Amino acid sequence: MADPPGCCSACATCLLCPYSCQWITAKKEKRKGLRTTKCDCSWFLFLFCVFLFTLVWLYFAIIILNDFHNFNEFIFRQRKLWLDWSLVLLIATAVLISYSSVLLVLALCLQLCSQPLKLHWVHKVLLILTALLVAAAFTGLGIKWAEEWKSAWISLQATGPFLHIGIVGGMTLLAWPLATFVYSIRNTGLRVFLLLVYCAAMIALYLAPLAITSPCIMEENQLPPKPALVGHRGAPMLAPENTLMSLHKAVECDVQVFETDVMVSADGVPFLMHDEELTRTTNVQAVFPDRAAQSTAFNWTDLQQLDAGSWFLERRPFPTVQSLSPADRNETTKQRIPSLGQALEAAKQSNISIMFDLRPENHSDYQNFVNVTLGVILESGIPLQQVLWLPDGFREDVKQQAPGVQQVYGRKRLKNEKEPVLHVNLPYQDMSSEEIRQYRQDNISVNLYVVNQPWLFSVLWCSGVSSVTTNACQVLKEMKHPIWLLPSSTYLMIWIVVDCVSFLIIIWAFVLLK
């Protein structure tokens with residue numbers, strides 16, 4: 001099999017070596033009569049499918065980074081081991097996609113050089129393992145983290161137009177090796193089948209924008225106001241969560257609401273804490289090694305002995321911890337668990353609202369927790385309209401004792417609602433763009449959580465959401481505009497130009513190689 005012009009023997013040998021794991025020169029190849037068999041073609045098709053499979057997983061891995069801190073917390077609660085598993089995910093995904101990409105490029109280059117596609121058995125085994133690993137990852141995602149499928153669907157509203165352009169470009173470039181292969185085979189049936197499949201795929205891609213929708217395809221003057229920021233446990237990327245330092249850092253980020261979690265100590269003092277155990281965010285195991293770490297089992301005097309800041313420097317829950325100033329590091333080590341009264345006083349002085357859950361909801365003394373918490377709120381002197389009440393338990397009692405408190409519901413409004421719902425607080429996966437627009441028209445404030453990535457913030461901004469709860473207030477604060485905003489006429493022009501250019505390049509490739 002002679003090398004085509006421009007493909008020297010040395011180049012062919014260099015391509016065959018990593019792909020076939022053996023040195024075969026072009027002359028030896030001709031003597032042995034090596035040719036690409038149907039089995040080799042099947043393995044090339046499998047390689048291409050594995051590449052696409054890992055590429056899709058890479059997309060998912062990038063999307064779920066928005067929620068990965070929740071996964072880190074879940075693993076810690078289960079195994080008492082803290083690690084930023086997002087790094088493990090990204091490194092493993094990068095290795096898999098790099099491996100399949102290199103093999104695919106080698107195969108395409110060999111095809112263009114008219115060399116046999118003799119994939120070595122080691123590569124075959126590794127490709128099967130890659131496919132199994134990615135399949136296991138998708139399966140685990142579907143079983144343990146099913147809401148991320150909704151996140152992926154939302155992400156298409158941010159990336160759909162650009163994914164379309166990228167896929168059209170990739171399929172257009174595939175015309176060269178496809179044309180080379182089609183012209184080199186003698187089987188007319190296989191040739192027609194490949195051409196039909198390729199044409200059908202391209203036609204579907206050319207028409208794909210008919211199904212692509214995004215709230216950011218709009219005119220500039222239609223853009224809703226920027227959503228307000230709600231600090232998730234304060235500013236947890238800049239300070240230990242649920243501390244006064246975190247509240248003050250959130251104020252510096254221009255948040256309008258400090259979102260937190262409240263528990264009640266054994267002697268009836270409401271304090272800020274998210275987890276039912278103190279292990280993750282305090283040094284309770286060092287101070288009280290012989291006691292169970294249940295948050296509500298400690299009295300307020302014992303809780304004040306705990307260090308609620310040093311863990312932040314030791315475990316580095318976010319990469320931003322490395323960039324803390326010496327002054328911030330020093331202040332971090334001085335943090336203690338704040339009481340609700342201290343948090344209300346800080347919120348009052350900073351003129352921001354405070355929104356909280358009261359945990360644990362299944363506690364036998366929960367009604368007393370509600371009464372104690374309400375008492376602290378009323379005694380604090382904070383304007384009641386600055387308090388956003390999330391707990392559903394004994395909500396009617398709260399309305400009677402403190403009618404000025406704003407009631408925030410963790411559900412969508414019902415058809416036969418007895419009282420008008422003015423505020424809802426939901427996961428960002430649970431509301432579509434259409435629902436957000438409808439709530440906005442009905443003057444219902446919609447807060448969605450937890451929104452950390454600019455792409456997601458942009459989509460929700462274009463949809464018209466009122467506010468978002470975020471860990472990354474310092475990032476979203478700097479956004480003056482959605483990442484992208486396209487008038488429908490501009491997008492239509494881009495769509496037509498991309499499709500026309502792609503069509504002309506494909507025709508040119510087939511004509512030139514013929």
Side-chain angles (χ1 to χ4, degrees), residues 227-265 268-274 281 295 300 303-304 308-309 312 328 331-332 334-359 369-391 395 398-399 401-410 422-425 445 447-451 466-474 476-477:
L229 300 182
V230 177
H232 185 229
R233 308 173 200 170
M237 289 188 176
L238 306 176
E241 66 180 59
N242 284 335
T243 61
L244 294 181
M245 179 183 176
S246 190
L247 186 152
H248 293 140
K249 287 292 184 182
V251 172
E252 294 175 7
C253 289
D254 297 335
V255 304
Q256 295 187 11
V257 181
F258 171 60
E259 186 276 341
T260 186
D261 308 275
V262 175
M263 294 194 180
V264 180
S265 67
V269 178
F271 64 96
L272 308 192
M273 181 61 57
H274 176 269
T281 57
S295 301
W300 180 240
L303 291 171
Q304 284 295 279
F312 186 69
D328 284 343
E331 185 180 355
T332 296
K334 299 177 181 178
Q335 294 305 300
R336 294 292 181 266
I337 298 175
S339 67
L340 176 60
Q342 293 170 331
L344 290 170
E345 181 62 28
K348 182 172 64 172
Q349 292 180 359
S350 302
N351 195 30
I352 64 171
S353 299
I354 183 168
M355 177 170 66
F356 60 86
D357 263 323
L358 185 58
R359 301 170 180 269
F369 286 1
V370 172
N371 294 331
V372 169
T373 303
L374 270 178
V376 171
I377 293 173
L378 295 173
E379 291 173 5
S380 68
I382 188 173
L384 292 184
Q385 66 269 22
Q386 288 182 226
V387 179
L388 282 67
W389 185 273
L390 278 173
R395 189 184 289 274
V398 175
K399 291 179 181 178
Q401 297 182 47
V405 169
Q406 297 192 58
Q407 298 295 324
V408 183
Y409 293 83
L422 301 179
H423 306 276
V424 296
N425 180 62
S445 173
N447 180 70
L448 301 182
Y449 63 90
V450 172
V451 178
S466 309
S467 59
V468 299
T469 301
T470 180
N471 293 324
C473 59
Q474 77 282 1
L476 304 187
K477 169 191 174 183

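Note that the structure is predicted; figures quoted are calculated from it, not measured. Worth knowing before you read on, the calculation uses all heavy atoms, side chains too, and leaves out hydrogens, waters and symmetry mates.
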Thr470 (side chain) donor-acceptor with Val451 (main chain) under 3.5 angstrom: yes
Spacing of OG1 belonging to Thr260 relative to CG belonging to Leu358, to within rounding of 0.5 Å: 11.0 Å
Atom pair CE/CD of Met237 and Gln474 - distance to nearest 0.5 Å: 6.0 Å
Gln407 side chain vs Arg395 backbone, donor-acceptor pair below 3.5 Å: no
For Leu238 against Met245, the heavy-atom pair lying closest together: O-CE, 4.1 Å
N/O donor-acceptor pair under 3.5 Å between Glu259 side chain and Met355 backbone: no
side-chain contact (heavy atoms from CB on, under 4.5 Å) between Leu229 and Val468, worked out: CA-CA 5 Å; Leu229 300 182; Val468 299; 4.0 Å; yes
Pair Glu241-His274, side-chain donor/acceptor within less than 3.5 Å: no
Heavy-atom closest contact (Ser265 atom, Leu303 atom, distance): CB-CD1, 3.9 Å
Closest contact, heavy atoms only, Ala346 versus Leu247: CB-CD2, 3.9 Å
Pair Glu345 + Lys348: basic N to acidic O under 4.0 Å: yes
Lys334 NZ: over 12 foreign heavy atoms closer than 6.0 Å: no
Closest non-hydrogen atom pair, Gly234 against Ser246: CA-OG, 3.2 Å
4.5 Å side-chain heavy-atom contact, Thr243 and Phe312: no
Point-to-point distance, once rounded to the nearest 0.5 Å, from CH2 of Trp389 to OG1 of Thr373: 5.5 Å
Note, Leu374 side chain near Val398 side chain (heavy atom, < 4.5 Å): yes
Non-hydrogen side-chain atoms of Arg233 and Asp261 separated by less than 4.5 Å: yes
Euclidean distance, Cys473 SG relative to Glu252 CD, rounded to 0.5 Å: 9.5 Å
Validation row: Asn447, Val408 side chains within 4.5 angstrom (heavy atoms): no
Verdict with supporting geometry, Leu384 and Leu378, side-chain contact (heavy atoms from CB on, under 4.5 Å): CA-CA 8 Å; Leu384 292 184; Leu378 295 173; 4.1 Å; yes
Side chain to side chain, Val262 and Leu272, heavy atoms closer than 4.5 Å: yes
Gln342 (side chain) donor-acceptor with Ser339 (main chain) under 3.5 angstrom: yes
Backbone of Ile352 reached by a side-chain donor or acceptor of Gln386 within 3.5 Å: yes
Mutual orientation of the aromatic rings belonging to Trp300 and Phe271 [parallel < 30°, tilted 30-60°, perpendicular > 60°]: tilted
Any donor-acceptor pair under 3.5 Å from Ser380 side chain to Ile382 backbone: yes
Contact summary for Ala308 and Ile337, nearest pair of heavy atoms: CB-N, 3.8 Å
Euclidean distance, Leu340 CG relative to Glu379 CD, rounded to 0.5 Å: 11.0 Å
Flag side-chain contact, heavy atom, 4.5 Å: Lys249 against Asp328: yes
Interatomic distance, Ser466 atom OG to Asn425 atom CG [nearest 0.5 angstrom]: 11.5 Å
Check: Thr281 side chain, Pro240 main-chain N or O, donor-acceptor pair, under 3.5 Å: no
